[in-house]
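Bear in mind the structure is a predicted one, so any value in this text is a computation, not a measurement. Numbered from 1 within each chain, the chains take letters A, B, ... in sequence-line order.
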2 protein chains.
Amino acid sequence: MSTFDETTTVQSGKELFIKMVISNWELQNTRLNSLLEKLSDERIAEETAPGRNAGIYILGHLAAVSDGMLPLLGLGERKYPELDKLFLTSPDKAGQEYPTPGQLRLYWSDINETLSSRFSQMEPSEWFEKHTSISEEDFAKEPHRNKLNILINRTNHQSYHFGQLIYLK
Amino acid sequence: MSTFDETTTVQSGKELFIKMVISNWELQNTRLNSLLEKLSDERIAEETAPGRNAGIYILGHLAAVSDGMLPLLGLGERKYPELDKLFLTSPDKAGQEYPTPGQLRLYWSDINETLSSRFSQMEPSEWFEKHTSISEEDFAKEPHRNKLNILINRTNHQSYHFGQLIYLK
């Protein structure tokens with residue numbers, strides 16, 4: 001096999017992994033967006049099960065976590081940093097005033113469109129770089145803790161909460 | 001870069017990616033097993049939310065789906081094919097008699113130990129082969145639909161249902 005062929009293999013191998021991970025993330029977004037279209041704003045404000053997190057809290061939480069991927073993956077500043085205080089560092093029903101379901105729907109779409117657009121501009125090799133929350137030293141020992149691993153992890157996190165949001169249907 | 005170095009890069013790239021995917025699957029298993037340890041058999045038999053699937057149904061469903069990965073990934077025969085009729089092709093509360101929570105806990109451990117052991121014996125390149133439910137023709141067009149993609153997808157599926165099982169806590 002020539003050097004050219006092997007370089008092509010490296011490239012297409014990396015691109016294939018990235019495609020697998022991004023496709024699975026997009027699949028989760030499609031499923032969640034399809035559910036959100038079916039739910040009224042009133043329904044989103046309700047609890048997913050008696051005494052459990054409301055739909056609006058979970059949606060805000062997912063928006064905050066996805067928005068947090070922008071700096072974590074080195075893709076830019078947070079767009080909605082104010083979500084953290086409401087949906088990450090505080091539990092639901094802590095007496096804070098939430099954005100309306102309508103506002104959160106818009107934030108959610110905007111965050112995902114921004115991420116999709118930034119992902120499409122990334123070079124394949126960038127995905128295998130360290131993310132911004134791991135030290136150089138730890139990354140040298142654990143090179144699988146790269147940017148692509150963050151997206152795998154966040155996709156699972158989203159699936160977990162989607163399993164709860166579906167109880168609003 | 002020499003041919004040797006590039007071959008090494010291909011290999012380590014694949015191995016790194018496989019490690020990322022398997023680590024995320026193991027993380028989900030660890031989380032679910034930790035929850036199962038905390039739940040009594042009586043609690044597992046209850047509904048995860050009013051009118052929703054019981055814990056036992058979700059556990060049986062996850063066991064059936066994971067067991068199904070054995071033939072799908074070319075790793076051997078199903079160990080518990082009888083689970084499908086109860087937990088895949090029938091909804092919960094269809095009047096069928098389920099195994100006890102104790103039995104299902106054992107099946108679940110056995111299936112995951114079997115999968116872990118088979119995964120550890122796989123060559124990295126095997127993960128990028130087609131799985132047994134896609135045609136040669138479709139796989140040629142969509143090479144990301146390989147065995148590793150199945151594991152990414154099943155890990156998300158498990159996260160989705162774990163988000164529901166946690167409501168038993």
> Where on Q28(B) is there a heavy atom nearer than 4.5 Å to chain A: the side chain, the backbone, both, or neither?
Replying inline: side chain

> Should V65(B) and L73(B) be regarded as members of a common hydrophobic cluster, given that ILVMFWY residues are connected when their side-chain heavy atoms come within less than 4.5 Å of each other, either directly or indirectly?
Replying inline: no

> To the nearest 0.5 Å, what is the distance between NE2 (H144(B)) and CD1 (I22(A))?
Replying inline: 11.5 Å

> Within a reach of under 6.0 Å around NZ of K79(B), are more than 12 heavy atoms found that belong to other residues, nucleotides or ligands?
Replying inline: yes

>> I'd like to know which of P143(B), G51(B), S23(B) tops the heavy-atom pair count under 4.5 Å against chain A.
In response: P143(B)

>> Can you tell me how far apart CG (N146(A)) and CZ (F17(B)) are? Round to the nearest 0.5 Å.
In response: 9.0 Å

> Rounded to the nearest 0.5 Å, how far apart are CG of L27(B) and CG of N153(A)?
Replying inline: 7.0 Å

> Would you find more than 12 non-hydrogen atoms of other residues, nucleotides or ligands less than 6.0 Å from Q121(A) atom CD?
Replying inline: yes

>> Looking at E136(B), I'd like to know if its CD atom is crowded, meaning that more than 12 non-hydrogen atoms belonging to other residues, nucleotides or ligands lie closer than 6.0 Å.
In response: no

>> Given heavy-atom pairs under 4.5 angstrom as the criterion, report whether the side chain, backbone, both or neither of L165(A) touches chain B.
In response: neither

> What distance separates R52(B) CZ from Q164(A) CD, expressed to the nearest 0.5 Å?
Replying inline: 12.5 Å

> With side chains defined as the heavy atoms from C-beta onward, is the minimum distance between N149(B) and N24(A) less than 4.5 Å?
Replying inline: yes

>> Over 60° means perpendicular and under 30° means parallel, so tell me whether Y160(B) and F162(A) are parallel, tilted or perpendicular.
In response: tilted

> Side chain, backbone, both or neither: which part of I58(B) has an atom under 4.5 Å from a heavy atom of chain A?
Replying inline: side chain

> To the nearest 0.5 Å, what is the distance between CZ (R145(A)) and CG (L16(B))?
Replying inline: 12.5 Å

> Is it true that L148(A) and F139(A) fall in one hydrophobic cluster, defined by side-chain heavy atoms closer than 4.5 Å?
Replying inline: no

>> Starting from I152(A), can I reach L75(A) by hopping between I/L/V/M/F/W/Y residues whose side chains sit under 4.5 Å apart?
In response: yes

>> Grouping I, L, V, M, F, W and Y whenever their side-chain heavy atoms are under 4.5 Å apart, do I134(B) and L70(B) come out in a common cluster?
In response: no

> W25(B) and L35(B): same hydrophobic cluster, using ILVMFWY side-chain contacts below 4.5 Å?
Replying inline: yes

